[in-house]
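One structure is given here, and the rest of the page talks about it.
Counting starts at 1 for both ligands and their atoms, in listed order.
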Amino acid sequence: MTISASVLGADLLRLGDEVEKTRRLGLRWLHLDQMDGHFVPNISFGPEFVAALRGATDQFLDVHLMLEHPLSYIDAYADAGADLISIHAEAQDNPAEALAAIRARGLKAGLSIKPATDPESIRALLPLCDLVLVMTVEPGFGGQKLMDGCVAKLPVLRKMIEETGRDILLEADGGIKLENAERVIAAGADVAVIGTGLFRAEDPERVVREVEGAAACAL
Ligand code: DX5
Ligand code: ZN
């Protein structure tokens, strides 16, 4: 199991220290939320932010595009040094085309679904994915409460992934904290995105230790 530290939850005034903290904690993935003010009612960082992080760390950069038109930005994020780009199934661009464009740049391709989206609707796209990202809150903001109905989608997707016979990671994003991480992992997540639950925790070391411990028990 992998924890992907969501930088949206970090203290942006001390970004370098926050990244250093994730490294000290032994975290190999950073989750970078990109928002366009259309697909979600919020605006966040752009490709320059991803490039700045690329220059500062060799951690795996897990870029989550909450954009209506991801196709026009794939090259910019690839040039910025993303390792994986996830697009949304609900965006305006054709998801198959966007996933192919990500892979054509030699990156891992992820497909994300919002809380109201039925997992069945992405079955045909699974062969084009290296990762499926299940939103466990409405996308747009950090610090929200985990939606139990979304956790219930994880075993469904796990089974759909197994049926493809392919090596596709399952990532859960939103509202994951020390108190509920065990449930998310037991439901089948390989990657748990944690933002405020990590960066704003009193004892982040304990969060990592206990979440990783819960994952080891779930094996
Ligand atoms: C929400 C983002 C999440 C967010 C998670 O739209 O996709 O990645 O940063 O933050 P927490 O862990 O605080 O819910
Ligand atoms: Zn995210």
Side-chain angles (χ1 to χ4, degrees), residues 1-12 15 18-19 21-22 25 27 29-47 49-50 53 59-68 70 73 77 82-91 102 108-117 129-151 153-154 169-185 187 189-204 206-208 210-211 214:
M1 202 276 314
T2 300
I3 295 174
S4 194
S6 186
V7 170
L8 191 68
D11 178 349
L12 296 182
L15 189 58
E18 295 281 68
V19 170
K21 178 159 90 184
T22 65
L25 291 167
L27 301 180
W29 283 38
L30 296 179
H31 182 86
L32 306 174
D33 290 305
Q34 314 296 311
M35 305 177 186
D36 65 355
H38 295 279
F39 186 76
V40 288
N42 197 5
I43 294 174
S44 64
F45 336 114
F49 185 88
V50 175
L53 284 169
Q59 284 158 297
F60 188 86
L61 300 184
D62 161 26
V63 173
H64 177 191
L65 298 187
M66 285 161 272
L67 313 179
E68 281 293 12
Y73 295 96
Y77 284 104
D83 292 296
L84 176 143
I85 298 178
S86 292
I87 53 124
H88 266 270
E90 308 85 356
I102 296 166
K108 303 259 185 238
L111 182 63
S112 183
I113 54 170
K114 289 176 30 164
T117 303
C129 301
D130 301 295
L131 175 144
V132 173
L133 170 51
V134 177
M135 288 308 304
T136 42
V137 297
E138 281 300 339
F141 300 90
Q144 303 182 76
K145 193 176 171 298
L146 181 88
M147 295 168 71
D148 290 323
C150 298
V151 177
K153 284 155 72 172
L154 292 168
L169 290 170
L170 186 56
E171 181 173 39
D173 180 14
I176 303 174
K177 310 236 174 280
L178 194 52
E179 312 80 82
N180 57 30
E182 199 172 340
R183 205 147 47 83
V184 173
I185 293 160
D190 304 298
V191 182
V193 175
I194 314 184
T196 51
L198 177 82
F199 287 105
R200 309 286 162 147
E202 242 171 69
D203 186 352
R206 181 174 163 227
V207 175
V208 172
E210 296 199 6
V211 172

Only counting residues at least two apart or in another chain, list the ones meeting side chain to side chain donor-acceptor pair (under 3.5 Å) with Q59.
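For Q59 the side chain to side chain donor-acceptor pair (under 3.5 Å) partners, ignoring immediate neighbours, are T22, T57.
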Check: [Y] main-chain N/O paired with [X] side-chain donor or acceptor under 3.5 Å:
X   : Y    : answer
D36 : E68  : yes
D62 : L84  : no
N42 : G140 : yes

Result of checking E171, H88, Q34 against H64 for side chain to side chain donor-acceptor pair (under 3.5 Å):
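So the option named by the test is H88.
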Please confirm whether K114 makes a cation-pi placement over F39, using NZ or CZ under 6.0 Å from the six-membered ring centre and within 45° of the ring normal.
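Judged by the rule (NZ or CZ under 6.0 Å from the ring centre, within 45° of its axis), K114 counts as positioned above F39.
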Going by atom types only, do T136 and D173 share a side-chain donor-acceptor pair under 3.5 Å?
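T136 vs D173: no donor-acceptor pair found between side chains.
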Please tabulate, for side-chain N and O atoms in residues 174-182, each donor-acceptor pair with protein atoms closer than 3.5 Å (sequence neighbours left out).
{"unit_1": "K177", "atom_1": "NZ", "unit_2": "T196", "atom_2": "OG1", "d": "3.1"}
{"unit_1": "N180", "atom_1": "OD1", "unit_2": "K177", "atom_2": "N", "d": "2.8"}
{"unit_1": "N180", "atom_1": "ND2", "unit_2": "G175", "atom_2": "O", "d": "3.0"}

I'd like the atom pairs linking ligand 1 to the protein - N or O on both sides, separation under 3.5 Å - with distances to 0.1 Å.
{"unit_1": "ligand 1", "atom_1": "6 (O)", "unit_2": "G140", "atom_2": "N", "d": "2.7"}
{"unit_1": "ligand 1", "atom_1": "7 (O)", "unit_2": "D33", "atom_2": "OD1", "d": "2.9"}
{"unit_1": "ligand 1", "atom_1": "7 (O)", "unit_2": "H64", "atom_2": "ND1", "d": "3.3"}
{"unit_1": "ligand 1", "atom_1": "7 (O)", "unit_2": "D173", "atom_2": "OD2", "d": "2.8"}
{"unit_1": "ligand 1", "atom_1": "8 (O)", "unit_2": "S6", "atom_2": "OG", "d": "3.3"}
{"unit_1": "ligand 1", "atom_1": "8 (O)", "unit_2": "H31", "atom_2": "NE2", "d": "3.3"}
{"unit_1": "ligand 1", "atom_1": "8 (O)", "unit_2": "D33", "atom_2": "OD1", "d": "3.1"}
{"unit_1": "ligand 1", "atom_1": "8 (O)", "unit_2": "D33", "atom_2": "OD2", "d": "2.8"}
{"unit_1": "ligand 1", "atom_1": "8 (O)", "unit_2": "D173", "atom_2": "OD1", "d": "2.7"}
{"unit_1": "ligand 1", "atom_1": "8 (O)", "unit_2": "D173", "atom_2": "OD2", "d": "3.1"}
{"unit_1": "ligand 1", "atom_1": "9 (O)", "unit_2": "S6", "atom_2": "OG", "d": "2.8"}
{"unit_1": "ligand 1", "atom_1": "9 (O)", "unit_2": "D33", "atom_2": "OD2", "d": "2.9"}
{"unit_1": "ligand 1", "atom_1": "12 (O)", "unit_2": "G195", "atom_2": "N", "d": "2.8"}
{"unit_1": "ligand 1", "atom_1": "13 (O)", "unit_2": "G143", "atom_2": "N", "d": "2.8"}
{"unit_1": "ligand 1", "atom_1": "13 (O)", "unit_2": "T196", "atom_2": "N", "d": "3.0"}
{"unit_1": "ligand 1", "atom_1": "13 (O)", "unit_2": "T196", "atom_2": "OG1", "d": "2.6"}
{"unit_1": "ligand 1", "atom_1": "14 (O)", "unit_2": "G175", "atom_2": "N", "d": "2.8"}

What number of protein N, O or S atoms occur at distances under 2.8 Å from the Zn ion (ligand 2)?
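Those protein atoms number 4 in total.
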Is it true that D148 and R183 make a salt bridge, defined as a side-chain N closer than 4.0 Å to a carboxylate O?
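Yes, D148 and R183 are salt-bridged.
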